[in-house]
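Each chain gets a letter, A, B and so on, in the order its sequence line appears, and its residues count up from 1. For the numbers below, each heavy atom of this structure counts, side chains included, while hydrogens, waters and symmetry mates do not.
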Amino acid sequence: MQPFTERVVTIIRSIPSGKVMTYGQIAACAGSPRAARQVVRILHSMSASQQLPWHRVVNKQGEIALGDADSAEEQRWRLEEEGIEFTLDQRIPLERYHFEPDPPAEG
DNA sequence: GCCATGGCTAGTA
DNA sequence: GCCATGGCTAGTA
């Protein structure tokens, strides 16, 4: 696994239950603010093998970004199961559920 | 080639 | 809508 990929995987694993991060935010935390699409690719291809909490990643608007209806539904109930409440327009209020990881330790 | 983004624009009202 | 961006896995040979 490449270093960037490894950082992304670590960050996604660190998202606590009941919290979410966005694609762009994860990319930025991993050191590459423009690499949101790469986060998408990692989630798509490695969620199963790396046992990632893939459902805790949403887009910048707090929306479920999955195109496939069944997968989107699964993501929603997984999040609701963790206590997250959606708005009437199917969004997650990020100001309430957003997770901000600790900055990397000094040294 | 892939991908579940994100940001900016033209077109419409 | 459209397309620049970005890092590379999963699947095949």
Side-chain angles (χ1 to χ4, degrees):
Chain A
M1 210 185 322
Q2 297 302 300
F4 178 81
T5 303
E6 192 139 16
R7 288 199 294 276
V8 168
V9 165
T10 300
I11 291 166
I12 294 172
R13 285 226 184 89
S14 78
I15 308 174
S17 174
K19 294 288 182 181
V20 297
M21 286 182 78
T22 69
Y23 301 95
Q25 182 200 4
I26 291 167
C29 287
S32 193
R34 297 287 156 201
R37 302 208 60 164
Q38 182 59 11
V39 173
V40 167
R41 177 127 175 79
I42 290 165
L43 280 167
H44 192 83
S45 58
M46 304 179 72
S47 281
S49 63
Q50 298 297 316
Q51 296 183 295
L52 302 179
W54 56 270
H55 58 286
R56 298 183 188 141
V57 186
V58 297
N59 74 16
K60 202 173 190 181
Q61 280 65 245
E63 299 159 335
I64 287 177
L66 280 158
D68 176 58
D70 290 335
S71 304
E73 191 184 0
E74 178 181 352
Q75 181 170 7
R76 177 168 177 141
W77 69 247
R78 279 178 181 272
L79 290 171
E80 288 177 332
E81 211 168 45
E82 296 183 354
I84 289 179
E85 294 174 33
F86 283 68
T87 62
L88 293 178
D89 55 339
Q90 320 297 314
R91 288 177 37 259
I92 293 171
L94 292 179
E95 67 276 9
R96 184 172 172 190
Y97 297 111
H98 195 238
F99 174 62
E100 190 69 43
D102 291 329
E106 203 71 31

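Nucleotide dG1(C) has dC8(B) as its partner under the Watson-Crick or G-U criteria, with both atom distances under 3.5 Å.
When the nucleotides dC2(B), dG6(C), dT5(B) are ranked by their closest atom to the side chain of Ala36(A), dT5(B) comes out on top. The Phe4(A) side chain lies nearest to dC8(C) when the options are dA4(C), dA4(B), dC8(C). Among the nucleotides dC8(C), dG6(C), dA10(C), the one closest to the side chain of Arg34(A) is dG6(C). Checking dA10(C), dG6(C), dT5(B) against the side-chain heavy atoms of Ser32(A) singles out dG6(C) as nearest. Candidate nucleotides dG7(C), dA4(B), dT9(C) were compared by shortest atom distance to the side chain of Ala65(A), and dA4(B) ranks first. Comparing atom distances between the Ser45(A) side chain and each of dG6(C), dT9(C), dG6(B) picks out dT9(C) as nearest.
Atoms CD (Gln75(A)) and P (dA4(B)) sit 12 Å apart, rounded to a whole Å. Regarding Ile12(A), its CD1 atom lies at a distance of 15 Å from the P atom of dA4(B), rounded to whole Å. As a whole-Å value, the separation of Ile42(A) CD1 from dC2(B) P is 18 Å. Summarising the geometry, the separation between CG on Leu43(A) and P on dA10(C) is reported as 12 Å, rounded to the nearest angstrom. Rounded to whole Å, the distance from CG on Asn59(A) to P on dG7(B) is 11 Å. Nucleotide dT5(C) holds its P atom 15 Å from the CD atom of Gln38(A), rounded to whole Å. To the nearest angstrom, P of dG7(C) lies 14 Å from CZ of Arg37(A). Look at CG on Leu79(A): it is 13 Å from C1' on dA4(B), rounded to the nearest Å.
Counting non-hydrogen atoms under 4.0 angstrom, Ser71(A) reaches nothing in the nucleic acid. Across all strands shown, Tyr23(A) has heavy atoms under 4.0 Å from base atoms, whether or not it also approaches the sugar-phosphate.
The phosphate of dA10(C) (OP1 or OP2) has a side-chain N or O of Ser49(A) nearer than 4.0 angstrom. Contact annotation: Thr22(A) does not reach the phosphate of dT5(B) (side-chain N/O to OP1 or OP2, under 4.0 Å). Within the structure, a side-chain polar atom (N or O) of Thr5(A) is placed less than 4.0 Å from OP1 or OP2 of dC8(C).
For the pair Arg56(A) and Phe99(A), the NZ or CZ position fails the cation-pi test of under 6.0 Å to the six-membered ring centre and within 45 degrees of the ring normal.
Mapping Met1(A) and Ala35(A) onto DNA chain C via the closest heavy atom, the residue that lands nearer the 5' end is Ala35(A). Closest-nucleotide positions on DNA chain B for Arg41(A) and Gly24(A) were compared, and the one nearer the 5' end corresponds to Arg41(A).
Using a 4.5 Å heavy-atom threshold, the side chains of Val39(A) and Ile11(A) count as separate. Under the 4.5 Å side-chain criterion, counting only non-hydrogen atoms from C-beta, Trp54(A) is in contact with Gln75(A). Using a 4.5 Å heavy-atom threshold, the side chains of Glu74(A) and Leu66(A) count as separate.
Other residues, nucleotides and ligands contribute more than 12 heavy atoms inside 6.0 Å of the CD atom of Glu80(A).
Rounded to a whole angstrom, the distance from the C1' atom of dG7(B) to that of dC8(C) is 24 Å. Here the separation of dG6(C) from dT9(B), taken at their C1' atoms, is 23 Å to the nearest Å.
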Steps toward side-chain contact (heavy atoms from CB on, under 4.5 Å) verdict (Gln90(A), Ile64(A))
CA-CA 8 Å; Gln90(A) 320 297 314; Ile64(A) 287 177; over 6 Å; no
